[in-house]
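In what follows, a single structure is set out as structure tokens and then discussed.
Throughout, protein chains are lettered first and strands after them, A, B, ... in sequence-line order, and every chain is numbered starting at 1. Since this is a predicted model, take the numbers as computed values, not measurements. As a basis for the values below, the full set of heavy atoms in this structure was taken, side chains included, without hydrogen atoms, waters or symmetry mates.
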Amino acid sequence: MDNVKFIKTLLIVILSLPLLASCRWITSASLPKYAFTMPPIPEGTPAFQKGWEHGCGNGLYSRGNEFYRTTNKFNFDHNMIDNSEYVFGLRTGYGYCAYNIFGAVDGATSSPDTYIFPGYDSWFSSMNYNDTGFFTGGLATPFAPHDSVAGGFNGIVGVWTQKDGYSVFGSDPLWSGGSKGQIFGQ
Amino acid sequence: MIKNITILLAILLFTSSCTSYWYKPMGARVFKYKPKEGTPGFKLGWEHGCESGLATQFGNSFYMDFYQWKKDPQISMANPSPNDVDMIRRRYGKELNINWNNPEEVRKNFSDYKNVFWVSHAFCRHTALGSQQAAGANPGLPGEGYLYDPGKWSVGNVWKMDAKGDTRWKTNW
């Protein structure tokens, strides 16, 4: 019985830790930095470099993806608010890092992994999954009793995209966006 | 016993946001970084800057329903008169818990407010925009006529995988 009680207590403590961490009650804990995720800090006075590092972290958090939001946080040393070098470094670092992160959004300068598949090649893929996703045709195409019914997950459900009066909804109410490259398609 | 454990977990769950903005979009995410140290003017300036940033078009119309422009024009004045200071004292009696008879302390708090406002404004507005971009839901540019288009962006956008890539491929950091 003592062992069971101990295990229950331990389980409660372990499950509570993420909730406590979200309040940042453990304020002294530092965030990990992974290789190649932080640019080299330019030369300058210690105040400037500290400001630059803080500003860059702010920029990576705000315009980065979720990965950067786990390794950065908002930083502003209130004791240095009147230090012009710190503030200059803060603004410079923010601008540099945030604008470098912009390039990963989309377009010609984006990184290769902005696409689920770097390119559609019919030798390897039956469908262009950037457009269809994994659940609208492609990987699984179950029965299609009506010509207008889509395959894939929608076909399995059989209610979202049926036409000619067979469906409650006119279109898929959950995935009805025009966005591409989703797991659930367009 | 089970009941007590359940109540305890529920309390911990509901207190995990730890911010008065928990019910607003991005409220828990950005306002958890509201400074806990610094002068009262610094903290108020951060809060006003962040809320003003979330109320810009960098977010979308959904954000603009919850947030609004909040920079105090009297605190922002270069040389507020004694009457202005008195009005500010009455307006922010709770937030600016300072010695209003000490001109230097008043000046310091007003200065901190002005210095941090745009820093937090930029941080919060870009966080809102970055979150939308990660879901492939870029708000329209001025003139395009929309800030949030439910016909284009669906609930499934949260599973979007290609909206933001890994900069390590490109930046050579």
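More than 12 heavy atoms of other shown residues, nucleotides or ligands fall within 6.0 angstrom of atom CG in N99(B). In F88(A), the CZ atom is not crowded: 12 or fewer heavy atoms of neighbouring residues, nucleotides or ligands sit closer than 6.0 Å.
Between H78(A) and V116(B) the shortest side-chain heavy-atom distance does not fall below 4.5 Å.
Annotation for F42(B) and I81(A): closest pair CD1-CD1, 3.5 Å, computed over non-hydrogen atoms. Heavy atoms only, all atoms of each residue included: R91(A) and N115(B) are closest at NH2-O, 3.9 Å.
Taking hydrophobic clusters as Ile, Leu, Val, Met, Phe, Trp and Tyr residues chained together by side-chain heavy-atom distances below 4.5 Å, I75(B) shares a cluster with V85(B). Cluster annotation: V87(A) and F117(B) are assigned to distinct hydrophobic clusters (Ile/Leu/Val/Met/Phe/Trp/Tyr, side-chain heavy-atom contacts under 4.5 Å, transitive). Hydrophobic clustering (ILVMFWY, side-chain heavy atoms < 4.5 Å, transitive): L44(B) and Y67(B) are in distinct clusters. In the hydrophobic clustering of ILVMFWY residues, with side-chain heavy atoms under 4.5 Å counting as a link, Y113(B) and F76(A) come out apart.
A tilted orientation is assigned to the rings of H126(B) and Y94(A), their planes being inclined by 30° to 60°. F74(A) and W46(B) have perpendicular rings, their planes meeting at more than 60° on a 0 to 90° scale where under 30° would count as parallel.
Summarising the geometry, atom NZ belonging to K73(A) is positioned 10.5 Å from atom NZ belonging to K32(B); distances are rounded to the nearest 0.5 Å.
Results of the salt bridge (Lys or Arg N to Asp or Glu O under 4.0 Å) test with D82(A) over K108(B), R107(B), K114(B) single out K108(B) as the only residue that passes.
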